[in-house]
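Below is one structure; the comments refer to it alone.
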Amino acid sequence: MNLSNGKTLAASGQNRNGTSGSWEDAGRVVKPLTPTRKPQPPKPENAVTIAVSSRVLFNMEREQQIYEQQGMEKYLKYQVEHESEPFSPGPAFSFVKALEAVNTRLRDLYPQNEELFDVVLVTNNHAYVGLRLINTINHHHLFIERFCMTGGNSPIGYLKAYHTNLYLSADSAKVREALEEGIAAATMFTQEKMKEVSESQLRVAFDGDAVLFSDESERIFKAHGLDKFFEHEKAHENKPLDHGPLKGFLEALGKLQRKFFDKGLRMDCPIRTYLVTARSAASSGTRALKTLRSWGLEIDEALFLAGAPKGPMLEKIRPHIFFDDQMFHVEGAAELGTVACHVPYGIAQKVAKK
């Protein structure tokens, strides 16, 4: 499995549709564009804010190599010299496009409402790189108005000021830092292939333990084995699990889903959520579902796999993004073309390190 942080999107030279060539001829030189008549971005306190790093939104592999091998000054010089050349899309690109598709539907239903997705580009790049990023955003017709460029310093301190609901980065250290601050975050990887995904419906898939839920049950399993885990879950099936790091993001998705439900569009909702868990339905699924119900949260589809690989099921779902706390699930999903993110949280990380 070849996962890398902030490297090429498709090493095989294929785009997300599986055809050869670049994404929208992204490598060609274009004149800087300044679109007009864009809708106003929502106020941060009203929006569901998704903070993405430049290295997951776009492919910046060549630039990263220049920085690592030749230093900051050469890196900045290269960026200025190539600022009219747009970056090609990275692993978060389709996710961001799906967020914008949901916003279009929401604006049609609620023209004056500001409960929308708001994407913020968060990067420790120098401001000199800003023009190239703006040109790239305009080239791909993305609606991203808020930037945070910290010139080498960590951007994590700004996330709360942006009311961030989810942070995606290629830098696992920054992701851990964000999680420690109580912000939902995940490490995003590039991969050799990506399945084609829906352009009209945002699909988000979550693991359960140590992602939506705490790692309480995972700790029992790691310490005492599967039989004790089943006993523990049966004995506590009416006691809700504590929340995990991405519970708040699921809540935010549910809040926007209800806006479609209120218009009678439950079966035509452009947001769909999935629980994809290694738990067994009969032995430990009850507690997971009762926990979600106790939180007042809905999940559209729940897949209890009883330890079976997640990759084949995710290949059928084709989510824009999948979150899991264990790298072997992330790698297995990525091998089959799912954009999979690692949530470095809970006991599994300590076991892996050991």
Does Y67 have more than 12 heavy atoms from other residues, nucleotides or ligands lying within 6.0 Å of its OH?
no
Within a 6.0 Å radius of atom CD on Q40, are there more than 12 heavy atoms belonging to other residues, nucleotides or ligands?
no
Output yes when E177 and K174 qualify as a salt bridge under the 4.0 Å nitrogen-oxygen rule, no when they do not.
no
Atom pair OG (S284) and CD (E233), whose distance is rounded to the nearest 0.5 Å
6.0 Å
Establish whether V211 and L292 are linked, either directly or via other cluster members, by ILVMFWY side-chain heavy-atom contacts under 4.5 Å.
yes
Donor-acceptor pair, side chain of H140 and main chain of F93, under 3.5 angstrom
no
Whether the Y78 and R62 side chains hold a donor-acceptor pair (N or O, under 3.5 Å, no angle test) is what I'd like checked.
yes
Give a yes or no answer on whether the side chain of N135 reaches the backbone of L131 with a donor-acceptor pair at less than 3.5 Å.
yes
For F260 and L106, run side chain to side chain contact (heavy atoms under 4.5 Å, CB included): C-alpha distance rounded to whole Å, both residues' side-chain angles, the deciding distance at 0.1 Å, then the answer.
CA-CA 8 Å; F260 293 97; L106 283 168; 3.5 Å; yes
Hey, are R318 and E196 close enough for a salt bridge, meaning a charged N less than 4.0 Å from a carboxylate O?
no
Spell out, as yes or no, whether a donor-acceptor pair under 3.5 Å connects the side chain of T338 to the backbone of A340.
no
Name the one of I156, V52, T150, L159 that satisfies side-chain contact (heavy atoms from CB on, under 4.5 Å) with V122?
L159
SB check E180 R176 (cutoff 4.0 Å)
no
Quick check: does any side chain N or O of T291 sit under 3.5 Å from a backbone N or O of L241, one acting as donor and the other as acceptor?
yes
Quick one: do M188 and V175 satisfy side chain to side chain contact (heavy atoms under 4.5 Å, CB included)? Show the steps, please.
CA-CA 10 Å; M188 203 167 215; V175 168; over 6 Å; no
Which heavy-atom pair separates D325 from A348 by the least distance, and what is that distance?
OD2-CB, 3.6 Å
Is it true that the side chains of T273 and R203 contain a donor and an acceptor less than 3.5 Å apart?
no
Checking the side chain of R287 only, and the main-chain atoms of K239 only, is there a donor and an acceptor separated by less than 3.5 Å?
yes
Point-to-point distance, once rounded to the nearest 0.5 Å, from SG of C148 to OH of Y158:
6.0 Å
N103 side chain vs F117 backbone, donor-acceptor pair below 3.5 Å:
yes
Gap separating the CZ atom of R266 from the CD atom of Q257, nearest 0.5 angstrom
8.0 Å
Between K195 and E315, does any side-chain N to carboxylate O distance fall below 4.0 Å?
yes
For Y75 and Q79, which I'm curious about, is there any donor-acceptor pair between the side chains at under 3.5 Å?
yes
Ion pair check, E73 and K77, cut-off under 4.0 Å:
no
If you draw a 6.0 Å radius around NE2 in H243, do more than 12 non-hydrogen atoms from other residues or ligands fall strictly inside?
no
Is a salt bridge present between R55 and D171, judged by a nitrogen-to-oxygen distance below 4.0 Å?
no
Could you tell me whether a side-chain N or O of T136 sits under 3.5 Å from a main-chain N or O of F87, the two making a donor and an acceptor?
yes
Any chance CZ of F143 has more than 12 other-residue heavy atoms, nucleotides or ligands included, within less than 6.0 Å?
yes
Verify, without hydrogens or angle tests, whether S214 (side chain) and A210 (backbone) share a donor-acceptor contact under 3.5 angstrom.
no
When you measure from the side chain of R132 to the backbone N and O of P86, does any donor-acceptor pair fall under 3.5 Å?
no
Could you check whether the rings of F249 and F323 sit parallel, tilted or perpendicular, using 30° and 60° as the cut-offs?
perpendicular
Is the shortest distance from a Lys or Arg side-chain nitrogen in D118 or K43 to a carboxylate oxygen in the other one below 4.0 Å?
no
Answer yes or no: is there an ion pair linking R105 with D268, defined by an N-O contact shorter than 4.0 Å?
yes
Honestly curious: do L250 and F322 fall in one hydrophobic cluster under the side-chain, below-4.5 Å linking rule?
no
Look at atom OH of Y128 and say whether more than 12 heavy atoms of other residues, nucleotides or ligands are closer to it than 6.0 Å.
no
Do the side chain of S169 and the main chain of S53 share a donor and acceptor less than 3.5 angstrom apart?
no
What is the distance from atom OG1 of T277 to atom CG of L212, rounded to the nearest 0.5 Å?
9.5 Å
For K234 and E237: C-alpha separation, side-chain torsions, deciding distance, then whether salt bridge (charged side-chain N to carboxylate O under 4.0 Å, His left out) applies.
CA-CA 5 Å; K234 185 64 177 177; E237 68 176 34; 3.6 Å; yes
Under the criterion salt bridge (charged side-chain N to carboxylate O under 4.0 Å, His left out), I'd like the reasoning laid out for E251 against K247: C-alpha separation, chi angles, the key distance, then a yes or no.
CA-CA 6 Å; E251 286 178 327; K247 177 203 172 189; 3.5 Å; yes
Verdict with reasoning, F189 to T187, per side chain to side chain contact (heavy atoms under 4.5 Å, CB included):
CA-CA 7 Å; F189 304 92; T187 309; 3.8 Å; yes
